[in-house]
Protein chains: 2
Amino acid sequence: METILSKSPLFAGLKEEQIENLFAKIVFQTRKYDKGDLIASGGDECRSLMIVVKGSVKGEMVDYSGRVLKIEDIPAPRPLAVAFLFGKNNRFPVTISANESTELLIIPKQSVVFLMQTSETFLTNFMNAVSNRAQFISGKLRFLSFKTLKGKLAHYLMELDRQQKQTGEIQLMRTQEELAELFGVARPSLSRTLRDFHHQGLIKASGRKIKILNREGLLEDAFD
Amino acid sequence: METILSKSPLFAGLKEEQIENLFAKIVFQTRKYDKGDLIASGGDECRSLMIVVKGSVKGEMVDYSGRVLKIEDIPAPRPLAVAFLFGKNNRFPVTISANESTELLIIPKQSVVFLMQTSETFLTNFMNAVSNRAQFISGKLRFLSFKTLKGKLAHYLMELDRQQKQTGEIQLMRTQEELAELFGVARPSLSRTLRDFHHQGLIKASGRKIKILNREGLLEDAFD
DNA sequence: TCTCAAATGTAACAATTGTTACAAAACAAG
DNA sequence: CTTGTTTTGTAACAATTGTTACATTTGAGA
């Protein structure tokens, strides 16, 4: 357990022994979930910090009609709900469920406060984690603020390329189905837009390998 | 100055005298802006905490084609950029400009760290502020995740009603132009949707007074 | 290799939203 | 009250995206 935790962003910089000492002084529990199990519903009060110690979970926003916008996957050993433990509105913004057989470490808010007071490293880690969450969500927001599908797709492709060393050759890591869910659009719409880019000679798409042929043209076609 | 700051969420719980003492030990500056002045561009590095001490600023996301999604107004004495000072990606997610004649207090990151180490109150205030930011942005994200305009509008109206004591009588505080910007849609589209709701007898709209006549019907029509 | 399930391509049509342009109404200032 | 400006209502049409349905391709196992 401590081995996993020492790799978690919240406990980075602490030795396993130190982590062990800290945990000897606080209340916590672990809980197991099977694939598909509901962990928390959007709107639920958030009273504890949770850390994925095995498996992975996903967070999704669901609207009244049941439509889903996938926000992210959180694999071990990452924490979850860091940004919703403090502040005025302690509610999960997303519905969280298990992607697979998963184990969570659950630490009540009070114990988190204790950890922050006891370990300066934990405190700064926690502060950074909350900031990172805000930044991640901002990125999502920015992404959704692109109003056209072309815009989202162009931005996504170029962002992926930037992450994958700017070679212009992109390897998609998701199915179109998943991408469409991420973009909040229908799958055939995504497929169509991909094809349009291809037919305009802006990209070369074959299966999940995509090559950006014309960056400027892509931006130009997507925006304005 | 200290009088204003004592009302700021970051310095809440501190007496003016305490604030004065803290500021005697740190580096800071104030800067003035005229209406419309650019304060920071989206993507700029964020090295300092800023607090609006006079006037107000607005934050907007701008995409490549120049389309704008307004995120929020920040009036005095609120801080800005709290969630982007720490964490991995210290960049403004939004473009910030002055709504009117405005004065900002600018505190470099290092001094912020000093404040956190010196004043426990400031530390917890700061932590709460960052969490609140994450929660605010999540709310925005949730709002944008409603895919149809009907959905956004219905949600917005019912949320406003909740804030305004559930009377069913809503007083819009913004022009349709501003609302459309907030929703990320074209103004005539918003007007049309409002009229549709009206014609269906779900609401009664006269100018900026709106009466919700049929909550269930509203949700049903908006989210099928 | 063969088979089946999953993923992708595609088309026709519906629904929603954007664009543009102009008229009517509301509002503020003189 | 009058005038000029801002806001709102509205219509016609364009553009985008959703929906549904089916064909085709791909990929993992048997």
Side-chain angles (χ1 to χ4, degrees), chain A residues 35 63 65-70 99 143-157 170-200 202-210 218 220-224, chain B residues 35 63-70 99 143-157 170-200 202-210 220-224:
Chain A
K35 176 171 181 170
D63 75 10
S65 66
R67 288 193 193 193
V68 163
L69 177 70
K70 180 161 181 181
N99 276 326
F143 186 63
L144 283 190
S145 80
F146 292 135
K147 290 183 203 66
T148 64
L149 180 44
K150 279 185 176 180
K152 287 178 186 168
L153 184 55
H155 178 267
Y156 183 81
L157 292 177
I170 304 164
Q171 177 72 26
L172 292 183
M173 302 306 288
R174 306 170 187 269
T175 67
Q176 289 189 8
E177 183 77 45
E178 291 171 320
L179 275 187
E181 198 174 46
L182 204 61
F183 289 14
V185 301
R187 200 263 311 162
S189 302
L190 179 63
S191 185
R192 171 170 47 200
T193 304
L194 215 40
R195 170 163 50 93
D196 290 349
F197 280 161
H198 182 104
H199 283 162
Q200 287 174 81
L202 300 171
I203 64 175
K204 181 160 169 300
S206 53
R208 295 203 193 170
K209 285 211 184 77
I210 292 179
L218 205 52
E220 199 171 319
D221 182 54
F223 301 99
D224 107 359
Chain B
K35 176 171 182 169
D63 74 12
Y64 300 110
S65 66
R67 289 192 194 193
V68 163
L69 177 70
K70 181 161 181 181
N99 276 326
F143 186 63
L144 284 190
S145 80
F146 292 134
K147 290 185 204 65
T148 64
L149 180 45
K150 279 184 175 182
K152 287 179 186 167
L153 184 55
H155 178 268
Y156 183 80
L157 291 177
I170 304 164
Q171 178 72 26
L172 293 183
M173 301 307 288
R174 306 169 188 269
T175 67
Q176 288 189 8
E177 182 78 45
E178 291 170 321
L179 275 187
E181 199 174 45
L182 203 63
F183 289 14
V185 301
R187 201 263 311 162
S189 302
L190 179 63
S191 186
R192 172 170 46 199
T193 304
L194 214 40
R195 171 163 49 94
D196 289 349
F197 280 162
H198 182 104
H199 283 161
Q200 286 173 81
L202 300 172
I203 65 175
K204 181 161 169 299
S206 53
R208 296 204 192 167
K209 285 208 186 78
I210 292 179
E220 199 172 318
D221 181 55
F223 298 104
D224 93 346

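Side-chain atoms are counted along with the backbone in the values below, which use heavy atoms only and exclude waters and symmetry mates. Quantities reported herein were computed from a predicted structural model and do not represent experimental measurements. Each chain gets a letter, A, B and so on, in the order its sequence line appears, and its residues count up from 1.
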Asks: Per the end-axis method with five pairs at each terminus, what is the bend angle of the helix from C:dT1-D:dA30 to C:dG30-D:dC1, to 10°?
Replies: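 Terminal axis comparison yields 50°.
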
Asks: Kindly state which residues belonging to residues 203-210 of chain A come within less than 4.0 angstrom of DNA chain D, counting heavy atoms of the residue only, listed by number.
Replies: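 Heavy-atom cutoff 4.0 Å gives no residues at all.
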
Asks: Tabulate atom names and distances for all N/O pairs under 3.5 angstrom spanning the protein and nucleotides 16-21 of chain C.
Replies:
from, atom 1, to, atom 2, distance (Å)
C:dT17, OP1, B:Leu149, N, 2.5
C:dG18, OP2, B:Ala186, N, 3.1
C:dG18, OP2, B:Ser189, OG, 2.8
C:dG18, N7, B:Arg192, NH2, 3.0
C:dG18, O6, B:Arg192, NH1, 3.1
C:dT19, OP1, B:Arg67, NH2, 3.3

Asks: For residues 179-197 of chain B, tabulate all N or O donor-acceptor pairs below 3.5 Å that involve a side-chain atom, not counting sequence neighbours.
Replies:
from, atom 1, to, atom 2, distance (Å)
B:Ser189, OG, B:Arg192, NH2, 3.4
B:Thr193, OG1, B:Ser189, O, 2.9

Asks: Please state whether the phosphate of C:dT8, meaning OP1 or OP2, lies under 4.0 angstrom from any side-chain nitrogen or oxygen of A:Ser191.
Replies: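 It does not, given that no N or O in the side chain of A:Ser191 lies less than 4.0 Å from OP1 or OP2 of C:dT8.
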
Asks: Give the rounded distance in Å between these two atoms: CZ of A:Arg195 and P of C:dT10.
Replies: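 To the nearest whole Å, that distance equals 5 Å.
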
Asks: Using the test side-chain contact (heavy atoms from CB on, under 4.5 Å), find all partners of B:Lys209 that sit at least two apart in sequence or belong to another chain.
Replies: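 With neighbours one apart ignored, the set is B:Gln171, B:Ser206.
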
Asks: Between CG of A:Leu202 and CD of A:Glu220, what distance do you get to the nearest 0.5 Å?
Replies: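 Nearest 0.5 Å value for the CG-CD distance: 9.5 Å.
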
Asks: I need the B:His155 NE2 to B:Thr148 OG1 distance, nearest 0.5 Å.
Replies: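 Those atoms lie 12.0 Å apart.
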
Asks: Indicate, with a heavy-atom threshold strictly under 4.0 Å, whether B:Thr175 touches base, sugar-phosphate, or nothing.
Replies: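 If one applies the 4.0 Å heavy-atom cut-off, B:Thr175 turns out to touch the sugar-phosphate alone, with no base involved.
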
Asks: Ignoring hydrogens and geometry, is there a side-chain-to-backbone donor-acceptor pair from A:His198 to A:Ala205 under 3.5 Å?
Replies: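 Yes; at least one donor-acceptor contact below 3.5 Å.
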
Asks: Working to the nearest 0.5 Å, report the span between CD1 of B:Ile170 and CG of B:Leu157.
Replies: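 B:Ile170 atom CD1 to B:Leu157 atom CG measures 4.5 Å (nearest 0.5 Å).
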
Asks: Tell me the interatomic distance from A:Arg174, atom CZ, to C:dT8, atom C1', rounded to whole angstroms.
Replies: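 In whole Å, C:dT8 C1' and A:Arg174 CZ are 18 Å from each other.
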
Asks: Can you tell me how far C1' of D:dT7 sits from CG of B:Leu194, to the nearest Å?
Replies: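 These atoms are roughly 13 Å apart.
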
Asks: First locate atom CD1 of B:Ile203, then atom CD1 of B:Ile210, and finally report the distance between them rounded to the nearest 0.5 Å.
Replies: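 If we round to the nearest 0.5 Å, B:Ile203:CD1 and B:Ile210:CD1 are 5.0 Å apart.
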
Asks: Any pair with a residue in residues 144-153 of chain A that passes salt bridge (Lys or Arg N to Asp or Glu O under 4.0 Å), sequence neighbours left out, goes on the list, sorted by first then second residue, please.
Replies: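 The answer is A:Lys150-A:Asp221.
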
Asks: How far does CZ of A:Phe143 sit from OH of A:Tyr156, to the nearest 0.5 angstrom?
Replies: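 Output value for this atom pair is 7.5 Å.
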
Asks: Using whole Å, what does the distance between atom C1' of nucleotide D:dT8 and atom CD of B:Gln176 come to?
Replies: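 In whole Å, D:dT8 C1' and B:Gln176 CD are 6 Å from each other.
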
Asks: Can you tell me the distance, in whole Å, between the CG atom of A:Leu179 and the P atom of C:dG9?
Replies: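 Going from CG in A:Leu179 over to P in C:dG9 covers 12 Å.
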
Asks: Given atom CD of B:Glu178 and atom C1' of D:dT6, what is their separation to the nearest angstrom?
Replies: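 Checked: the CD to C1' distance equals 12 Å.
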
